Amino acid sequence: MSLKQQIEACLGSDLVAISEFRGDIVAEVPKNRVVNCLKALRDDPELKMDFLSDVIGVDNKALYEKPKKKAKKKAEAEEEPEDDGAKKAELPPRFEVIYLLLSLENNRRMMVKVRVPEEDLVVPTVTTIWKAATWPEREVYDMFGIRFKGHPDLRRLLMWEDFGAHPLRKDYPLEGRGEERHLIYED
Amino acid sequence: MQGPGEHVKINIGPSHPAMHGTLRVIAETDGETIINADPEIGYLHRGVEKLGEHLTFHQFIPITDRLNYCSAIANNIAYEMAVEKLMGIEVPEKAQLIRVIMKELARISDHIVCVGILGVDLGAFTPFFYLFIQREEIYEIFEWYNGARLTNTFGRIGGVEADLPEDFFERWDELKPNLFKAIDETDKLLTHNRIWMDRTIGTTAFSPEDALNWGFTGPCLRACGVKRDLRKDEPYLLYDKFEFDVPVGKHGDVFDRYMVRMIEMHESIKIIDQALKLYKEMPKDAPLMANVPKILKAPEGEVYHAIESPNGELGFYIKGDGSDKPYRIKIRPPCYMVYQAFPELVKGEMIADLIACLSSLNIIAGELDR
């Protein structure tokens, strides 16, 4: 059985989609089932995905908007703004959280992907399975504003606490918005 | 004023000579014992990942130099290999060999920095000089190869920019005995030194289960007794052609981390010797670059590629969207995972051991904060 088939067998009905690109397998699971899925992948006697390498956040806003612009150019002003709202509703959720898993015994890697809509930016934490997720989850919160439910210490990691934005979002400008850090010394 | 029985909070860093750049730890202490330590990071955050989204694939290579600046070449290679995986580019064998040679040199220089500074932080200043003279020699070789000492911008996507200079072998033959001598002298000065042993053995010991749970990789994981090295486990470049040992420790304390790094330097020299032997057998006009289009356009898709950098698993996640710029770059720096376990490591230890632990983990602020 290939790794892909093994993952399919392990996740069963929780698997939303699975894809392979250049040998990297990405399995998509529903957001609220992520803890169960990762536990299942870890405890599976054949897969043994027992090591969490990293947690990655991705903002797909620019990716979804790009083909739309192209289509607009083609269709020019035939049927424009009215169905804009309908198109927006069709778009897949804006954010993604990707868990990089590794099997130490078999030396195989895979990614588990969770889609997070803008209206509901909460994902269950996986720090209960691996403590390695502590800082990566804090960073994803810091950079994208995705909250991890049940995280023991969800503060900002790289930016300071009262920084008002989430800088890795695609609508945040590269130059920043002129935020300054004011240190307040307590007595 | 603190009343009797109350804990005192001590702020160490971010600007402190023993804090390796810009790290800050807020330690809660009872006398000299650490009750809790809260590391605060981000003082060197430059938004490298955000920058990457606005630069083309080639333009990002110099930025990767600034991650782990003690071994810039390892970062360059890690990034280039991730992009090559995304594009599906096969690198010629000779270029791979040059990468191996340069990467192992970078590993030695990185370990020299770590061991040397660990000595300085614990009060042993002499080995620092013995080692750093040789590190300078390694940097001379880098400089002589492409003009830069620290931030090398080594290699290109699809290969390397230049062949090794003709008298590389003589240079290496000159350097090798000196390197052995320096490592040996450090070994004699430190390893069986009573003070050194008292300060390092048993300090901040860590169990293999905890280490894996916290996402440790590299020398810190191997010091805990887990034999894991991506060069052996997931061979890339030409590492499966070389014979070398993977040293492992037992207790995961400062001493074991030091020993693992000392032995790894010897192993790296072994690898370089074997790689140079292979290199000699190659035809002189063998290609150094794969066929790479002038404007690199990534296909739509996402890849993750990791290599064994001197500090552990250094991985790049790159998502392409069909344009000439990466849609998203995520760097998985090895010492980031190690440093998040810092409160766990130093709990119950002395304040002076906190500094020893920090140096032995080889935390580099550049790759920690990105």
Side-chain angles (χ1 to χ4, degrees), chain A residues 19-24 26 50-60 62-63 66-67 96 98 100-102 104-111 113 127 129-140 142-143 153 155-161 163 167-170 172-176 181, chain B residues 38-47 49-51 53-55 84-88 210-217 226-228 230 232-235 299-306 313 315 317 319-323 327-333 336-337 339-341 343-344 368-370:
Chain A
S19 64
E20 194 173 346
F21 179 72
R22 307 262 192 239
D24 283 3
V26 186
D50 51 1
F51 187 87
L52 181 78
S53 249
D54 206 352
V55 182
I56 299 168
V58 181
D59 178 5
N60 279 331
L63 201 64
K66 221 175 56 175
E96 282 171 8
I98 299 169
L100 291 178
L101 300 186
L102 162 70
L104 291 170
E105 211 179 291
N106 308 323
N107 291 316
R108 293 192 298 195
R109 290 174 187 274
M110 68 171 292
M111 304 187 209
K113 188 186 273 185
T127 48
I129 314 176
W130 291 287
K131 284 179 179 161
T134 315
W135 275 14
E137 283 189 354
R138 273 177 71 182
E139 194 190 321
V140 172
D142 189 358
M143 294 297 161
D153 181 24
R155 287 174 294 149
R156 279 177 179 272
L157 184 70
L158 295 171
M159 311 309 287
W160 57 98
E161 205 47 51
F163 185 82
L168 270 182
R169 285 188 178 188
K170 287 284 175 183
Y172 187 82
L174 178 65
E175 304 79 19
R181 183 174 190 180
Chain B
D38 182 21
E40 193 184 313
I41 68 168
Y43 288 96
L44 205 63
H45 179 59
R46 296 147 296 176
E49 288 165 8
K50 184 89 178 169
L51 262 173
E53 292 169 7
H54 294 262
L55 296 172
E84 281 153 13
K85 186 177 175 186
L86 178 70
M87 311 273 181
D210 281 346
L212 288 173
N213 196 359
W214 279 105
F216 277 38
T217 49
V226 182
K227 199 168 186 170
R228 183 155 178 81
L230 292 180
K232 284 263 188 211
D233 294 330
E234 295 172 33
E300 279 181 39
E302 48 201 334
V303 294
Y304 175 76
H305 191 266
E313 179 184 322
Y317 164 89
K319 182 169 181 165
D321 64 343
S323 72
Y327 183 76
R328 166 100 169 97
I329 289 187
K330 172 78 172 69
I331 302 152
R332 188 236 186 249
Y336 176 74
M337 293 296 164
Y339 196 44
Q340 62 174 330
E344 204 83 349
L368 183 72
D369 295 349
R370 284 155 285 145

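Residue numbers begin at 1 in each chain, while the letters A, B, ... track the order of the sequences. Since the structure is predicted, the reported quantities are computational estimates derived from the model, not experimental observations.
- For Y336(B), the parts lying under 4.5 angstrom from a heavy atom of chain A are both the backbone and the side chain.
- Residues L230(B) and E313(B) are in side-chain contact: their nearest non-hydrogen atoms beyond the backbone lie under 4.5 Å apart.
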Legend entry - Verdict with supporting geometry, W135(A) and L157(A), side-chain contact (heavy atoms from CB on, under 4.5 Å): CA-CA 7 Å; W135(A) 275 14; L157(A) 184 70; 3.9 Å; yes

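- Contact annotation for R155(A): only side-chain heavy atoms (C-beta onward) come within less than 4.5 Å of a heavy atom of chain B.
- Taking 4.5 Å as the limit, every side-chain heavy atom of S53(A) sits out of range of all side-chain heavy atoms of Y317(B).
- Considering all non-hydrogen atoms of both residues, I98(A) and V58(A) come closest at CD1-CG2, 4.1 Å.
- Neither the backbone nor the side chain of E105(A) comes within contact range of chain B; no heavy atoms are under 4.5 Å apart.
- Here the side chains of K131(A) and Q340(B) are not in contact, with every heavy-atom distance at 4.5 Å or above.
- Between chain B and the residues M111(A), E139(A), M159(A), the most heavy-atom pairs under 4.5 angstrom are made by E139(A).
- Residues R22(A) and P299(B) are in side-chain contact: their nearest non-hydrogen atoms beyond the backbone lie under 4.5 Å apart.
- Both tests hold for K170(A) against Y327(B): distance to the six-membered ring centre under 6.0 Å, angle to the ring axis within 45°.
- With a 4.5 angstrom heavy-atom cutoff, L100(A) touches chain B only via side-chain atoms.
- Contact count versus chain B (heavy atoms, under 4.5 Å) is highest, among L104(A), V26(A), L52(A), for L104(A).
- Per-residue counts of heavy-atom pairs under 4.5 Å with chain A were compared for K319(B), H45(B), K50(B); the largest is that of K50(B).
- Only the side chain of R228(B) comes within contact range of chain A, with heavy atoms under 4.5 Å apart.
- The part of I331(B) that comes within reach of chain A is its backbone (N, CA, C, O), which places non-hydrogen atoms under 4.5 angstrom from that chain.
- Options D59(A), D153(A), D142(A) differ in how many heavy-atom pairs under 4.5 Å they form with chain B, and the most are formed by D59(A).
- Contacts between R138(A) and chain B at a heavy-atom distance below 4.5 Å are absent for every atom of the residue.
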Inset, instruction - List the steps and the verdict of side-chain contact (heavy atoms from CB on, under 4.5 Å) for V55(A) and W130(A). - result: CA-CA 11 Å; V55(A) 182; W130(A) 291 287; over 6 Å; no

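- At least one side-chain heavy atom of L158(A) sits less than 4.5 Å from a side-chain heavy atom of I41(B).
- Contacts with chain A were tallied for E40(B), E49(B), H305(B), E302(B); E302(B) has the most, counting heavy-atom pairs under 4.5 Å.
- When heavy atoms are compared at a cutoff of 4.5 Å, L44(B) does not approach chain A at all.
- Ranked by heavy-atom pairs under 4.5 Å with chain A, the list A341(B), G301(B), G315(B) is led by G301(B).
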